[in-house]
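Working notes, beginning with the structure itself.
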Amino acid sequence: VCLVFCIIILACIDRDGYCKGHCLFYSGGSACGISLAVAGIGLLFCLVFLAVDVIFTNIDQPSHKKYIICTDLGFCGLWTFVFFVTFCYMANHWQRSDAKEEELKLVN
């Protein structure tokens, strides 16, 4: 699920978040850059954990399996919180957006 959401966030912000070189979510801030960074890092870690899941059955040591599961669970919890903070940050910048109406019509 995280993989799908990361791809959706990256595609939407990269395609519709910028108009004529500046972010539509309040150009004075860095909302687009932060959201792209969070989604990109989440996508990379999701792919890493997906690769670890593929080789998980070949790991013999129960202690290694425990550390992998705890790391996966901890990262997922942390990244869920980071996604929520990023969402709140984006919503705040969207509210303060200084984009002109003709720029918004180009995106829609």
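Predicted model only: the values in this text are computed from it and were never measured.
Distance SG/Cys46 to CD1/Ile7: 8.0 Å, rounded to 0.5 Å. If you take CG on Leu43 and CG on Leu50, they are separated by 10.5 Å, rounding to the nearest 0.5 Å.
Hydrophobic clustering of Ile, Leu, Val, Met, Phe, Trp and Tyr side chains at less than 4.5 Å, counting indirect connections, keeps Phe5 apart from Phe87. When hydrophobic clusters are built by joining Ile, Leu, Val, Met, Phe, Trp and Tyr residues whose side-chain heavy atoms come closer than 4.5 Å, directly or via intermediates, Ile8 is not grouped with Val82.
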Counting only pairs under 3.5 Å, give me each side-chain donor-acceptor contact of residues 51-62, with atom names and distances, residues two or more places apart or in other chains.
none

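Between Phe83 and Cys6 the shortest heavy-atom distance is CZ-SG, 3.7 Å. In plain terms, the two heavy atoms of Gly40 and Leu10 that are nearest each other are N-CD2, 3.9 Å.
Phe75 meets the ring-ring contact (aromatic ring centres under 6.0 Å, His included) test with Phe45, Phe49, Trp79; sequence neighbours excluded. Checked against side-chain contact (heavy atoms from CB on, under 4.5 Å), Ile13 has the following partners two or more places apart in sequence or in another chain: Ile9, Phe25, Cys32, Ser35, Leu36, Met90.
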